[in-house]
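Input: a single structure, listed below in structure tokens.
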Amino acid sequence: AQTVTQSQPEMSVQEAETVTLSCTYDTSENNYYLFWYKQPPSRQMILVIRQEAYKQQNATENRFSVNFQKAAKSFSLKISDSQLGDTAMYFCATHLSGNMLTFGGGTRLMVKP
Amino acid sequence: DGGITQSPKYLFRKEGQNVTLSCEQNLNHDAMYWYRQDPGQGLRLIYYSQIVNDFQKGDIAEGYSVSREKKESFPLTVTSAQKNPTAFYLCASSPRGDEETQYFGPGTRLLVL
């Protein structure tokens, strides 16, 4: 079965510190895309960052960066200088088969003041 | 403003009743998707459509139906055959039906009375 696994159901971090959320996946595809989405209490799904599997360089968007290890099928999200507004559910997702996005179970992140 | 709208925000269904959730986008995207999210879980794909007048079943299509008569609209009907419809429903769209990033609407919360 093709799956996306987020092994940390909940995490917390102090404001201004750095936190890393993990994600592993299982795919037989060679070219694919990986995404991290944020779902705040409003429940709107917001794209945080995207990585293309054929690119070796890790994607970066301001305070958000990824550590993509293709051989290990790992795609972690690092949030630097955490802010209170980063409190949310975070979902990892990828196209494991065709056009369908497969989502992980999510990690609930709490940023503490 | 360009974006994806979903209505209503909250919807109540009686036993044996069919209800329809609306999803509209003015982004000129070709592909549209419907996802279901249960409490504390990730998203699961119900249906998707890559082009007008064509749609495909996702992982959990049973008890649901869709239509795609217009590019900007992709309504989802929750039929009486869906025995456990209480969930949060998210609509998304992407520019094409390949591995483009998906953008999400604000969601509809469906409750069974």
Heavy-atom closest pair, residues Phe91(A) and Gln37(B):
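Scanning both residues completely, I find the closest heavy atoms to be CZ-NE2, 3.4 Å.
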
Taken in chain and number order and not counting sequence neighbours, the residues that satisfy side chain to side chain donor-acceptor pair (under 3.5 Å) with Glu52(A) are Tyr54(A)

Measure distances from Leu43(B) to the heavy atoms of chain A and classify the residue's part below 4.5 Å as side chain, backbone, both or neither.
both

Set of residues satisfying side-chain contact (heavy atoms from CB on, under 4.5 Å) with respect to Ser65(B), sequence neighbours excluded:
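With sequence neighbours excluded, Ser65(B) shows a side-chain contact (heavy atoms from CB on, under 4.5 Å) to Thr77(B), Thr79(B), given in chain and number order.
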
Whether over 12 other heavy atoms sit under 6.0 Å from [X] [atom1]:
X: Arg108(A); atom1: CZ; result: no
X: Lys70(A); atom1: NZ; result: yes
X: Gln83(A); atom1: CD; result: yes
X: Asn62(A); atom1: CG; result: no

Using a 4.5 Å cut-off on heavy atoms from C-beta on, say whether the side chain of Leu45(B) contacts that of Phe103(A).
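They are not in side-chain contact.
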
Met89(A) side chain near Gln41(B) side chain, heavy-atom distance below 4.5 Å:
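Heavy-atom side-chain distance check fails, nothing below 4.5 Å.
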
Is it the case that one hydrophobic cluster holds both [X] and [Y], taking links as side-chain heavy atoms less than 4.5 Å apart, direct or via other members?
X: Leu90(B); Y: Tyr64(B); value: no
X: Ile4(B); Y: Trp34(B); value: no
X: Leu21(B); Y: Tyr33(B); value: no
X: Met32(B); Y: Leu76(B); value: yes
X: Leu109(A); Y: Phe75(A); value: yes

Any residues in residues 37-47 of chain A near chain B, with a heavy-atom distance under 4.5 Å, and which are they?
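Heavy-atom contacts from residues 37-47 of chain A to chain B are Tyr37(A), Gln39(A), Arg43(A), Gln44(A), Met45(A), Leu47(A).
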
Report, by ascending residue number, the residues of residues 103-113 of chain B in heavy-atom contact with chain A at a distance under 4.5 Å; give 'none' if the set is empty.
Phe104(B), Gly105(B), Pro106(B), Arg109(B)

